[in-house]
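Reviewing the structure listed below.
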Amino acid sequence: MKRFGPLDVKVPAVGQGTWNLEQDDRGEAIAALRRGLDLGLTHVDTAEMYGNGEVEEMVAEAIAGRRDEVFLVSKVLPGNASRNGAIAACERSLKRLRTDRLDCYLLHWPGHHPLEETLAGFEDLRSKGSIRSYGVSNFDEALLQRAVAIAGEGRIACNQVLYHLEERHADAALLPLCEKLGVALVGYSPFGSGSFPSAQTRGGRALAEVARAHGATARQVALAFLIRRPSLFAIPKSARVSHTEENAGALKLRLSEAELAKIDAAFPVRRRRELPTL
Ligand code: NAP
């Protein structure tokens, strides 16, 4: 568990994503989420967009009776993110999630509504207790700086961005900026959204070697690398109990500096012209 950005709450470094969960076997997916909670993966990431609200309803089922264990995050679509639109969207999400509050509410990606408006809506929601905190997603350095300038220091809890071993753009400048601003960096698609490095590649071999030394798996090593700094969180999505159990194993894994350096060298940082997204 570690501090989530500027918040006075502890959140596990590995959580659970839920994108596309409506396409999986419903019973198994909900069982996987519940197993994840048992194993400490209590940061649950969802969005009004996922399955057009259906995924929030699945999350409601998974967290029923266990709301207080969960750090529950949802996201407003940019098109809904006017001041009043964000408030209404949040109320709909709360209804689908069958709860009275979110722990963090994110703008899913930058849109056409002025950021001042969206953030004012988030502040309204915070004052009335519908959300405990708020943040952004898919914000590059300039936008993140703007968000912090508008909201004030200590307000933007996190920036959720694409971050996996083969897409380490965030390491170049965004991560140092998040650390300077005290904003958590939540990495989405930590397994490349289904394209995890194969064991035949240089990177895959490096992961396997480190994994062997710990009696761990390559995916556990990947997650441990992606959460190696206090500011980093990862939210792998799994719709199977066995996958979730494997992912939770990463919470116990501690990599040495030499192992981190080996993985760093096998998956070099490539800075893109723009923030990569999915
Ligand atoms: P991901 O977590 O990188 O990968 C998910 C895939 O990996 C699924 O096919 C899953 O299979 C598989 N998997 C998970 N654990 C596994 C294991 N231990 N062994 C083998 N396969 C495993 O992809 P993602 O869903 O794109 O990203 C994670 C979460 O980030 C999303 O669900 C969402 O909550 C968030 N996200 C946010 C944004 C944004 O714009 N803010 C964008 C994309 C994603 P099964 O499902 O069959 O278990």
Side-chain angles (χ1 to χ4, degrees), residues 14-33 35-36 39 41 43-51 54-56 58-59 62 70-78 81 93 97 102 104-111 134-140 143-144 157-168 170 174 184-199 204 207-208 211 216-227 232-251 253 275-278:
V14 180
Q16 304 192 74
T18 62
W19 187 27
N20 290 328
L21 210 63
E22 81 286 1
Q23 294 170 24
D24 293 297
D25 178 89
R26 191 182 173 98
E28 173 83 8
I30 290 169
L33 282 170
R35 182 76 181 125
L39 297 171
L41 307 185
H43 172 185
V44 177
D45 178 78
T46 190
E48 62 168 335
M49 185 188 94
Y50 299 168
E54 198 183 330
V55 171
E56 288 183 325
M58 291 172 75
V59 169
V70 181
F71 186 81
L72 185 59
V73 180
S74 192
K75 315 184 196 76
V76 60
L77 281 166
S93 284
L97 286 160
L102 293 173
C104 196
Y105 195 39
L106 311 183
L107 174 59
H108 208 146
W109 62 86
Y134 55 84
V136 294
S137 178
N138 296 302
F139 271 39
D140 65 15
L143 271 172
L144 180 63
C158 69
N159 186 15
Q160 187 182 119
V161 296
L162 182 63
Y163 186 54
H164 57 85
L165 291 177
E166 289 175 325
E167 187 47 87
R168 295 184 55 202
L174 192 57
L185 191 153
V186 179
Y188 71 69
S189 306
F191 297 145
S193 210
S195 72
F196 192 72
S198 97
L207 290 176
T217 69
R219 283 178 195 266
Q220 290 172 334
V221 172
L223 288 175
F225 180 84
L226 296 171
I227 58 169
L232 285 171
F233 296 79
I235 45 169
K237 175 260 179 186
S238 150
R240 293 160 212 250
V241 172
S242 60
H243 287 171
T244 303
E245 287 173 343
E246 180 180 349
N247 300 344
L251 284 175
L253 188 58
L275 182 78
T277 61
L278 266 200

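Both ligands and their constituent atoms are indexed starting at 1 by order of listing.
- Short contacts between ligand 1 and Tyr188, defined as distances under 4.0 Å to a heavy atom of the residue, involve ligand atoms 30 (O), 35 (C), 36 (N), 37 (C), 38 (C), 39 (C), 40 (O), 41 (N), 42 (C), 43 (C), 44 (C).
- Both tests pass for Arg219 against the ring of Phe196: distance under 6.0 Å to the centre and angle within 45° of the axis.
- Once rounded to the nearest 0.5 Å, the distance linking OG1 of Thr244 with CG of Leu33 reads 7.0 Å.
- Every residue meeting the side-chain contact (heavy atoms from CB on, under 4.5 Å) condition with Lys75, not counting sequence neighbours, appears here in chain and number order: Asp45, Ala47, Tyr50, Leu106, His108, Gln160.
- Here the heavy atom of the protein found nearest to atom 37 (C) of ligand 1 is Gln160 OE1, 3.0 Å.
- Checked by atom type and distance alone, the side chain of Asp25 pairs as donor or acceptor with a backbone atom of Glu28 at under 3.5 Å.
- Counting heavy atoms under 4.0 Å from ligand 1, residue Ser238 touches it through both backbone and side chain.
- Listed by number with element, the atoms of ligand 1 under 4.0 angstrom from any heavy atom of Trp19 are 26 (O), 31 (C), 32 (O), 33 (C), 34 (O), 43 (C), 44 (C).
- Heavy-atom separations between Phe196 and ligand 1 are all 4.0 Å or longer.
- With distances taken over non-hydrogen atoms, the option nearest atom 29 (C) of ligand 1 out of Asp25, Ile235, Thr46, Val73 is Ile235.
- Proximity to Arg240 (heavy-atom distance under 4.0 Å) selects the following atoms of ligand 1: 45 (P), 47 (O), 48 (O).
- Contacts between Pro190 and ligand 1 below 4.0 angstrom, taking non-hydrogen atoms only, involve backbone and side chain alike.
- The proximity of Asn138 to ligand 1, defined as any non-hydrogen pair under 4.0 Å, is limited to the side chain.
- Residue Gly194 approaches ligand 1 through these ligand atoms, each under 4.0 Å from one of its heavy atoms: 4 (O).
- Closest heavy-atom approach to atom 11 (O) of ligand 1 within the set His108, Arg219, Glu28, His243: this belongs to His243.
- Classification of Arg35 and Glu245 as a salt-bridged pair holds, one side-chain N sitting under 4.0 Å from a carboxylate O.
- No N or O atom of Asp24 sits closer than 3.5 Å to an N or O atom of ligand 1.
- Counting only non-hydrogen atoms, the option in Glu246, Lys237, Glu245, Gln220 that gets closest to atom 5 (C) of ligand 1 is Lys237.
- In terms of polar-atom proximity, Ala239 is counted as a contact of ligand 1, with an N or O under 3.5 Å from an N or O of the ligand.
- Here is the list of ligand 1 atoms found below 4.0 Å of a heavy atom in Pro236: 2 (O).
- Side chain of Ser189 to main chain of Phe191: no donor-acceptor pair is present (N/O by atom type, distance under 3.5 Å, no hydrogens or angles).
- Within a 4.0 Å radius of atom 9 (O) of ligand 1, the protein contributes no heavy atom.
- Remark: Leu107 CG to Leu77 CG distance equals 9.5 Å, nearest 0.5 Å.
- Of the listed options Ala218, Ser195, Ser137, Ser74, Ser137 places a heavy atom closest to atom 41 (N) of ligand 1.
- Distance CG/Leu207 to CG/Leu165: 6.0 Å, rounded to 0.5 Å.
- Here the protein heavy atom with the shortest distance to atom 34 (O) of ligand 1 is Asp45 OD2, 2.6 Å.
- A distance-only check finds no donor-acceptor pair linking the side chain of Gln16 to the backbone of Lys237 [under 3.5 Å].
- Compare Thr277, Val186, Leu106, Asn247 by their heavy atoms: the one nearest to atom 18 (N) of ligand 1 is in Asn247.
- Residue contacts with ligand 1, taken as heavy atom pairs separated by less than 4.0 Å, involve Tyr50 solely via side-chain atoms from C-beta onward.
- Neither the backbone nor the side chain of Leu162 comes within contact range of ligand 1; no heavy atom lies under 4.0 Å.
- Rounding to the nearest 0.5 Å places CD1 of Ile235 at 11.0 Å from CH2 of Trp19.
- Partners of Glu56 by side-chain hydrogen bond (donor to acceptor under 3.5 Å, both in side chains), not counting sequence neighbours, listed by chain and number: Ser74, Ser93, Arg96.
- Taking atom 23 (O) of ligand 1 as the reference point, the nearest protein heavy-atom neighbour is Ser193 CA, 3.2 Å.
- Between the Tyr188 side chain and the Leu278 main chain, a donor and an acceptor come within less than 3.5 Å of each other.
- Taking any N or O of Leu278, backbone or side chain, none lies under 3.5 Å from an N or O belonging to ligand 1.
- Atom CG of residue Leu253 and atom CD1 of residue Ile227 lie 8.5 Å apart, to the nearest 0.5 angstrom.
- Between the side chain of Gln23 and the backbone N or O of Asn20 there is no donor-acceptor pair closer than 3.5 Å.
- When non-hydrogen atoms are compared, ligand 1 lies under 4.0 Å from the side chain of Lys75 (C-beta onward) but not from its backbone.
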